Amino acid sequence: MTRMPLKFFRDPFIQFLILGSLVFTVFSVFTDGDSSDKNITVSAMDIARLHGQWSTQYAKQPTSDQLDSIIDQHIREEIFYREAKKLRLGEEDIIIRRRMVQKYTFLSESLVEIIEPSGPELEDFYAANKQRYEIPEKLSFRHIYYSHNSVSTAQDENNDAESAANNMVQSLNALQVDTSSWRKQGDAFMLQREYAAREPMQISELFGAAFTRGLAGISDEDIAIWVGPIRSAYGWHAVKLLSRKPPATPLLADIRSKVVLDYIADKRRQANADYYQSVRNQYQIVIDPKPDFSDTKGDE
């Protein structure tokens, strides 16, 4: 077998060809425009996933033609995604940035495994967080509404909603026993005239904070007696507090499953915060001094 003479490799032209071939090979492997980036494989798993997504969305299986169209759309998205990456279109895009942060957050949270607490741990957690499980006070009441300068108040001698509500309180208490006629008194009201077992926050959402304070301020001696007038966000009211159920804290045994979920959620939040701090500690962070915004003019 004839050997290739060594002087063949000493030829500058041959050396140039060999070096050039090596450079081209390395460049082809490591650049974005390499041949592997031009290969798209739609696996059986990909097709099954696309089929499942379409079936879930439309509540039926795609036809053969529809599945072909779904696969074509998948290929189109993959091609455009790769071409967009080459052009670095994702850089400095706030939407893509936030989406990547969100995905990384989900990934980091999935790495944290929280073990269900033991009996003593759960009891300690419940004791330290009892206020979270307190059932608020609940009030049941009925009311008669008077709007400012309404037809009803015009009939009152003082032409005043507050005075009209006060007069109605005295009239109803003089009867001592309510009849259905109380529902016909006062002005039309867009909400209900009677409420059962409502929490103060719910009442505030409906009538405003001032009304809730007035209702909560009714003494136990005045329960089942018309009182007022109490002001709301709408006007003035004659009010009858029917019952008051004081706040209560349930026993751990009655809400154990909820407390366990809260314990795990709290531990997960703390673990996520610790993880973030450990990652942050790996960075050298420099924050420039804040600019002086004192001379900044607001929009006119």
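Predicted model only: the values in this text are computed from it and were never measured.
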request  = Please name the pair of heavy atoms, one in Asp187 and one in Ser147, separated by the smallest distance, quoted to 0.1 Å.
outcome  = OD2-N, 2.7 Å

Under 3.5 Å: donor-acceptor pair, side chain of Ser69, backbone of Asp65 = no

inquiry  = Ignoring hydrogens, what is the shortest heavy-atom contact between Gln61 and Trp54? Give both atom names and the distance.
reply    = C-CZ3, 3.7 Å

query = Picking from Lys240, His143, Arg183, what satisfies side-chain hydrogen bond (donor to acceptor under 3.5 Å, both in side chains) with Glu194?
reply = Arg183

inquiry  = Do Trp226 and Phe211 sit in one hydrophobic cluster, given that two such residues count as connected whenever their side-chain heavy atoms are within less than 4.5 Å of each other, even indirectly?
reply    = no

ask   = Do Ile114 and Tyr126 belong together in a cluster built from hydrophobic side chains that touch within less than 4.5 Å?
value = yes

key: In one Ile/Leu/Val/Met/Phe/Trp/Tyr side-chain cluster, 4.5 Å: Ile96, Phe80   = no

key: Residues that Ser243 engages under side chain to side chain contact (heavy atoms under 4.5 Å, CB included), provided they are two or more places apart   = Ser140

ask   = Asp160 side chain to Ser163 main-chain N or O, any donor-acceptor pair under 3.5 Å?
value = yes

query = Are Ile40 and Met45 linked, directly or through other ILVMFWY residues, by side chains that come within less than 4.5 angstrom of each other?
reply = no

Donor-acceptor under 3.5 Å (Thr41 side chain, Ser43 main chain) = no

Nearest atoms (heavy-atom pairs only) where Pro229 meets Ala165 = CB-CB, 3.6 Å

message = Please give me the minimum heavy-atom distance between Phe141 and Ile203, naming the atom from each residue.
response = CE2-CD1, 3.9 Å

task = Taking the side chain as every heavy atom from C-beta outward, state whether Arg49 and His74 have any pair of such atoms under 4.5 Å apart.
result = yes

ask   = Is any side-chain heavy atom of Gln53 closer than 4.5 Å to a side-chain heavy atom of Gln57?
value = no

request  = For residues His237 and Gly235, report the shortest heavy-atom separation together with the two atoms involved.
outcome  = CD2-O, 3.9 Å

key: Proximity of Phe207 and Tyr145 rings by center, below 6.0 Å   = no

remark   = Between Ala161 and Trp236, the two heavy atoms sitting closest are CB-CD1, 3.8 Å

When the side chains of residues 245-262 are checked against the rest of the protein, which donor-acceptor pairs come out under 3.5 Å, sequence neighbours left out?
from   : atom 1 : to     : atom 2 : distance (Å)
Asp262 : OD2    : Tyr133 : OH     : 2.8

ask   = When you look at CD1 of Ile94, are more than 12 heavy atoms from neighbouring residues, nucleotides or ligands closer to it than 6.0 Å?
value = yes

Linked, directly or transitively: Ile144 and Val239 (ILVMFWY side chains, under 4.5 Å) = no

query = Between the main-chain N or O of Val169 and the side-chain N or O of Asn173, is there a donor-acceptor pair closer than 3.5 Å?
reply = yes

request  = Taking atom types as modelled, find out whether Gln270 and Asp274 have a side-chain donor-acceptor pair closer than 3.5 angstrom.
outcome  = yes

key: Residues that Arg244 engages under side chain to side chain contact (heavy atoms under 4.5 Å, CB included), provided they are two or more places apart   = Glu137, Leu139, Ile218, Asp220, Ile223, Leu241

key: Heavy-atom check, side chain of Arg99 versus side chain of Gln102, under 4.5 Å   = yes

inquiry  = Within a 6.0 Å radius of atom CD1 on Ile115, are there more than 12 heavy atoms belonging to other residues, nucleotides or ligands?
reply    = no

request  = Look at Arg82 together with Glu78 and state whether they make a salt bridge at an N to O cut-off of under 4.0 Å.
outcome  = yes

query = Does CZ belonging to Arg132 count more than 12 external heavy atoms closer than 6.0 Å?
reply = yes

ask   = Can you tell me if Asn281 and Ser278 form a side-chain donor-acceptor pair at under 3.5 Å?
value = no

